[in-house]
Each structure stands twice: as C-alpha cells, then as structure tokens.
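Everything below concerns the one structure shown next.
Each chain gets a letter, A, B and so on, in the order the sequences are listed, and its residues count up from 1. Only heavy atoms go into these numbers, but all of them, side chains included; no hydrogens, no water, no symmetry mates.
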Protein chains: 2
Amino acid sequence: MGNNQHDVPDIVVGRLPIYLRALSAMQAGGKHYTSSHELAEWLGISSAQIRKDLSHIGEFGKQGTGYSVSGLHEQLRQILHLDREWPLIVVGAGNIGSAVASYTGFAQRGFRVVALFDHDPQKIGTQAGPFTVRDNEEIPSFVKGNHVLHAMIAVPAQYAQEVADLLVASGIQGILNYAPINLSVPEGVHVEYIDPVLHLQKMTYYFD
Amino acid sequence: MGNNQHDVPDIVVGRLPIYLRALSAMQAGGKHYTSSHELAEWLGISSAQIRKDLSHIGEFGKQGTGYSVSGLHEQLRQILHLDREWPLIVVGAGNIGSAVASYTGFAQRGFRVVALFDHDPQKIGTQAGPFTVRDNEEIPSFVKGNHVLHAMIAVPAQYAQEVADLLVASGIQGILNYAPINLSVPEGVHVEYIDPVLHLQKMTYYFD
DNA sequence: TAGATTGTTAATCGATTAACAATC
DNA sequence: TAGATTGTTAATCGATTAACAATC
C-alpha cells in the first residue's frame, strides 16, 4: 500500500519480466487463475519471494483465490511500461546482429527492430532479412528522428565502445551489448550484457 | 588457504568468468600487472568484492604489487576448468541457432561447436556456415560418441522442453537455453538462460 | 625505507524465508 | 462455513563493504 514505484529494488525489477513471461505462457495455456505457489513451482523459486516482490508494486491477488492470470499480466505490462511498442535499432550486421534483427520474438513482447546498421561499406545497402543495412553514420539522425531509446550492439569487441559512445551521443538510453566487453557509459544510461560464453564458463566450474 | 573448491558460493562462481574476460582484455592490451582497485574500476564493482571473491579460491596477489595479469588469468582458467576445449552442440538451425553455431568467439574461450541439429526435414542436410545440419534423432549417439556435455537450445519455445528432455537423456549436463521459457531438468543438470527481451523489459521500467 | 596493496575479519546492509492474521 | 491464499511482519540468512594488520 502506498508503494512508490521508485523504491522497488533493482533485483525485484529484474524478476518482474520473468513473472510476465510465465503469465503469458499460462495465458496461452488457457489458465485463468494462479497462485504464488503455482508460479513459484513453475519458476523454481519460493512463493514467499513472489508475494514479497509483488508487494513492492501493489496488491493484485485475492485471499483464497490467488491471482487472475490476465489481470496480473496486464498490471505487470503497465508497470514495466510495456503497454506500448518500443522501437529498437541493431548495430552490427554480422551473424549475430542479422539473426537478432530478424528474430520474430520481439513483436509480442513490446519491442520492434526498426533498423539495422553497419560500418562496413561492403555490407551497407545489402539486404539482411527484412532490413536494408544502413550506414552507422545515419545513426544520430535516425535515432533522433524516430525517437528510439533502445539499441543492441552486435559488433566485434574492439568497436563496441566507440559504437556505444555514438549511440549515447545520439540519444540512446538503453543498450543491450552482445560484444564480450564491459562498456562505460554516462550515468543514467542503462546497459545490459549478453555473453553466452560467460554462462558456459560458469557451468564448467562444476564439471570435470 | 585450505579453501575447498566446493564452498565457493554460486554468485562468486558467476563472477569469475567476468574477471577472466577482463584479464584477457588486459593481456591483449599488453598490461602485465593489475590490482583489485584497477579491476574494480574497469568492471564497475568494488575492490573489496574482488579480493573477497578471489579469497574463496586461493591467494594470487602480492602485497604492494597486486596481481600478475597472466598469472591470475591462468589460475582462473584452471579453476573454471577452461584449460581444455569443451565440445558443444547446438539444437535448432533457425536464425539464432545458425548464428550462434557460426560464432567465432567460442574458440579462444574454451568451447567449440561440433554439430548443429534440427528437427525439420527441410533443414536436415543443408549447410549452415561450416555445419551440415543433422537430424535431431542423431543427438543421443552423437553426444555419447563425442563425450559432449554442453548444448545450446535455439528452437521455438513450444519444442524447448522436449529437446531438453532428449538432451538430458543423451547425457548432456549443461544447457544454455535461448528459448524464452523455463525448463525443468533433473537435479544435477545445469541450465542457463539467454532471453534478450527480459533485459530490454528490465530497462523499460526505468523509462518514460 | 615508504608507499601500496593484499587477504581477512568484523560490521553493515539487503535479500530471502517463515509465519500468520486477515479475508475471500 | 471451512479451506485456501494473500500481503506483511519479523527472523534468518547471506552478500557486500569497511577497515586494517601483514608484507611485498
């Protein structure tokens, strides 16, 4: 009660999309109601954690009954600002960049790739899935002109920082970086990382 | 001193590959020594955390001097069992699976994709980068015959669980799942997840 | 030596879990 | 009503940080 949106811990914010994803799956499966216990089992976490997490953002359940799947889904969508479609650009038209730009999984979940950029004159102008590859030099005007806030970086590690600098200078506020390197960005710009090798290396510790 | 490998907290194990990655970058940059302070600034975490994390696995530094970049790099490689090359298979020869199978970033970091599988008769036998797509039915014999422990799942969400079941039955012990769905696997099998949309959705909470 | 930095201990901080009154 | 489940409080657990003696 009286939960200010801005005192939700980051770690909790990070789990809300996971809850949303589970609720989508339940909805697709025709389920109308669920409980913290069921969600917890589904996700392999504790039911107390789910109730506690949700309590940071509001009250969505009914004692004895649990949660309306579609109701909670809709609430989470609004809290995460996913009740709209966010445009997104991809920089880097190699294997990863092209694959990710063509990925069809964004549409249902609040995002749409609107352009694919590359630095290489050999690639500029070529077709990659539904996109004609644009010149990196067009990034600033494109980002400003289309009110784009999100970008994915899929260039080799040695170019990632300069691309990030260009993106930030262009007005990008959220970067998802596929290059295996840490970026430095100004306060206020969000960076997330995807590096499959880190995940694999984490597992090998337990192997042998 | 007397640190048993098995009392290293998971959360610390998860950071060791990040340290390793930073040390590789330093090494590539010709740096010979570093300190917990320098690493910390590089990674945006505290120096105390780095020293504390490393203390779980041994003593690698010298007072006054810090850490030998190559020395600590080598130690971490050994602790993470990356002093060998791990074979890896990819299931799903769509956009993402094909891109990831062709990704050249595995080789230097301990992994090598050795086969790409798909269920679709239209795809089996076709070429995807350096791979001829194999039939999913070959997975059990291939995994056993080649002592493969790691697999990446890059199939549509609705098939991911059955693929996971097949992989586990074949002897796979570590799964990196690109499908946006939670998998259930037996005790002892490691699962890691990559879902770019979760990262993007986490950021939009802070936007608007 | 003087300055720097480690590895470790103790203190702090924050996240997770357990428990239960409220109530559908 | 009786059974179930929420939202919340208090207890526990674990992770991070601060501080510093040891020492290169």
Side-chain angles (χ1 to χ4, degrees), chain A residues 1-19 22-23 26 31-73 75-76 79 202 205, chain B residues 1-19 22-23 26 31-73 75-76 79 202 205:
Chain A
M1 227 223 74
N3 287 297
N4 182 304
Q5 206 163 357
H6 296 293
D7 58 15
V8 181
D10 280 1
I11 198 162
V12 173
V13 173
R15 280 193 293 262
L16 299 180
I18 299 173
Y19 300 158
L23 289 161
M26 286 179 171
K31 190 175 260 302
H32 291 113
Y33 280 88
T34 189
S35 66
S36 60
H37 297 277
E38 189 178 49
L39 267 168
E41 208 197 348
W42 190 298
L43 296 171
I45 60 179
S46 79
S47 64
Q49 179 163 83
I50 290 174
R51 293 197 302 280
K52 184 77 158 124
D53 283 354
L54 294 178
S55 78
H56 283 100
I57 52 173
E59 302 185 3
F60 308 111
K62 269 216 285 266
Q63 286 101 326
T65 313
Y67 304 91
S68 151
V69 170
S70 65
L72 183 53
H73 185 272
Q75 293 289 336
L76 287 176
I79 284 151
K202 202 149 80 167
Y205 173 82
Chain B
M1 222 222 72
N3 287 297
N4 183 304
Q5 206 163 356
H6 296 295
D7 59 17
V8 182
D10 280 1
I11 197 162
V12 172
V13 173
R15 281 192 294 261
L16 299 181
I18 298 174
Y19 300 159
L23 289 162
M26 286 180 172
K31 191 175 259 301
H32 291 114
Y33 280 88
T34 188
S35 66
S36 60
H37 298 277
E38 189 179 49
L39 268 168
E41 209 198 345
W42 189 299
L43 296 172
I45 60 179
S46 79
S47 65
Q49 179 163 82
I50 290 175
R51 292 198 302 280
K52 184 76 159 127
D53 283 355
L54 294 178
S55 77
H56 283 99
I57 53 175
E59 301 185 4
F60 308 111
K62 268 217 284 267
Q63 285 101 327
T65 312
Y67 305 91
S68 151
V69 170
S70 65
L72 183 52
H73 185 272
Q75 293 289 337
L76 287 176
I79 285 152
K202 202 151 77 166
Y205 172 81

Mate of C:dT17 where both pairing distances stay under 3.5 Å, Watson-Crick or G-U: D:dA10
Value in whole Å for how far the P atom of D:dA2 lies from CD of A:Gln63: 18 Å
C:dA4 phosphate, OP1 or OP2, under 4.0 Å from B:Tyr67 side-chain N/O: no
Spacing between B:Glu59 atom CD and D:dC24 atom C1', to the nearest angstrom: 13 Å
5' precedence on DNA chain C between B:Lys62 and A:Gly64 (nearest-nucleotide basis): B:Lys62
Atom pair distance, as rounded to whole Å: CD1 in B:Ile11 and C1' in D:dC13: 13 Å
N or O in side chain of B:Ser36 less than 4.0 angstrom from C:dT5 OP1/OP2: no
Atom-to-atom span, NZ of A:Lys52 to C1' of C:dT17 - whole angstrom: 10 Å
Minimal non-hydrogen separation, A:Leu39 against A:Thr34, with atom names: N-OG1, 4.1 Å
Residue closer to the 5' end of DNA chain D, B:Arg51 versus A:His37 (nearest nucleotide): A:His37
Spacing between A:Phe60 atom CZ and C:dC24 atom C1', to the nearest angstrom: 18 Å
Below 4.0 Å: OP1/OP2 of D:dT5 and any side-chain N or O of A:Thr65: no
Nearest-angstrom distance from the residue atom OH of B:Tyr33 to C1' of C:dT5: 13 Å
Between P of D:dA18 and CD1 of B:Ile50, the distance in whole Å: 14 Å
Within 6.0 angstrom of A:Phe60 CZ, more than 12 heavy atoms from elsewhere: yes
Separation of atom CD1 in B:Ile57 from atom P in C:dT8, rounded to whole Å: 12 Å
Closest heavy-atom pair and its distance - B:Ser36, B:Arg51: OG-NH1, 3.0 Å
Atom of A:Ile50, atom of A:Ala40 and distance for their closest heavy-atom approach: CD1-N, 3.4 Å
Over all atoms of both residues, closest heavy-atom pair of A:Val69 and A:Met26: CG1-CB, 4.1 Å
Identity of whatever pairs with D:dA22 - Watson-Crick or G-U, under 3.5 angstrom: C:dT5
